[in-house]
Amino acid sequence: MIVERVQEYLEKIEKMKDINAYIEVNKERVLKEAEELEKNEKLKDKPLYGKIIAVKANINVKGYTISCASKTLENYIAPYDATVIKKLKANGALIIGMTNMDEFACGSSGETSYYGPTKNPKAEDRIPGGSSSGSAAAVAADLCDMALGSDTGGSIRNPASHCGVVGFKPSYGVVSRQGLCDLAMSFDQIGPITKNAEDALLLTNIIKGKDPSDSTTVETPKFEKEDISNYKVGVVKEFMEVADDKIRDKIEKGIEVFGDLGCEIVELSYKYVDLALPTYYLINYVEFFSATRKYDGRRYGYRIEEVCGEEVLRRILIGKHISEKEYSGKYYKRALQARNVMRKEMMRILKDVDVIVGPTVPKLPHKLGEKLSPMEMYAYDVLTVPTNICGICAGVVPCGDVNGIPVGLQIQAKPFEDQKVLSAMIAFEKAL
Ligand code: GLN
């Protein structure tokens, strides 16, 4: 059974090669692992038994090339499994391959990969979003059962929204980052990209948990699906205002669904939307610069500055500059202060509601190949980065389409109230 299902996926992956969702699939290896799994009596009762999972190419899976879609690491073979991968395997899952992404997860469109851009399976002339472009495309094109992505400022939620699939970024600390190549370690979280919200709940419960090798992790009780009919659902005026009219229309209809489910809708106001992008990118540049110092050509692959793409180089150069003593007070320290202010304001508005619902991205995905300025590219992230800046949790579920282009509804909640986001995602998906 598992072998047949793997075979079907492999054929489909071959047929839909031009989507460029995967950058590494090892047919012989997967088929052999599928055979072994079928014989493994001990794993038969596990919750993920036989599930076929695609993994973003920045998460270590032993024996695969963890290139982060960069030439820098094109020859780096993972010597070990990341904690999340160990958990997947221990629960009966099978890894089918490594998915395409923006180089080192720096991007919002899936176009900066050294292996070429990914296409959006739901709207093939459009970008799929990023940076977990391949994972979202693999789920949307039915090239796996489910996938893992990583989210530093929206990289799970943005492509989930553009590709019409489900994505979830857990609260910071819920899932171990051990074995994930850092983009900005105070923001990064691994999370599921799936065909439905129930699968996102299932996968989150498997990968979460305290990990002795990641000191930022905490233990949380199992996330259970709960009744949301008594939820207070917040709608943030400023989040709605930055979205295109066509997206806003869809989201407004989505909000009505929560009303129909019995939820009380509460209007909220968040003062610091303007701070989101500068705060996020300043911190991102500094942390990314620091994370890339190990790619100096001695231990791993090439010296990053010599082979990377334009966006990665931009971040390294600016990150270096603003980390220097004479500038750090002016930029980095101020960004940390802004982060605190943003967090406090987010906790204030979340105090009186169970979840906040709204748009995921302010605009529809652009056409593949269309040239955007860095600022235009960053603008995609305005509604997703506050989640990471504030350490809260957020998920995305499909909420209709505009001329065939999917639109995702974003649901956010307080730190460690992941259960509420997941429950609201499940209820919404059923009711839509
Ligand atoms: N688009 C954002 C960035 O480029 C977010 C990326 C991510 O979440 N990995 O940094």
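As the structure lists them, so they are numbered: ligands from 1, and atoms in each ligand from 1. Every heavy atom of this structure was used, including side-chain atoms; hydrogens, water molecules and symmetry mates were not.
At a 3.5 angstrom cut-off on N or O pairs, Asp151 does not count as close to ligand 1. Note: no N/O pair closer than 3.5 Å links Cys106 and ligand 1 by distance alone. Considering both main-chain and side-chain atoms, Gly153 comes within under 3.5 Å of ligand 1 through a nitrogen or oxygen pair. Looking at ligand 1, you won't find any N or O of Lys56 less than 3.5 Å from one of its N or O atoms. Annotation: Ser155 places an N or O atom under 3.5 Å from an N or O atom of ligand 1; distance criterion only.
Side chains of Thr118 and Asn20: no donor on one and acceptor on the other come within 3.5 Å. Judged by distance alone, the side chains of Arg315 and Thr292 never bring a donor and an acceptor atom under 3.5 Å apart. There is no side-chain donor-acceptor pair under 3.5 Å between Thr194 and Asp199. If you check the side chains of Glu311 and Thr112, you find no donor sitting under 3.5 Å from an acceptor.
Residue contacts with ligand 1, taken as heavy atom pairs separated by less than 4.0 Å, involve Asn284 solely via side-chain atoms from C-beta onward. At a heavy-atom distance under 4.0 Å, no atom of Asp102 approaches ligand 1.
A ring-centre distance under 6.0 Å is found for Phe104 and Tyr295. Between Tyr280 and Phe187, the ring centre distance stays below 6.0 Å.
Close to ligand 1: Tyr281, with a non-hydrogen atom less than 4.0 angstrom away. The shortest heavy-atom distance from Arg315 to ligand 1 is under 4.0 Å. Using a 4.0 angstrom heavy-atom cutoff, Tyr280 counts as in contact with ligand 1.
Look at Lys51 and Asp145 and you find no salt bridge, because none of the NZ, NE, NH1 or NH2 atoms lies under 4.0 Å from a carboxylate O.
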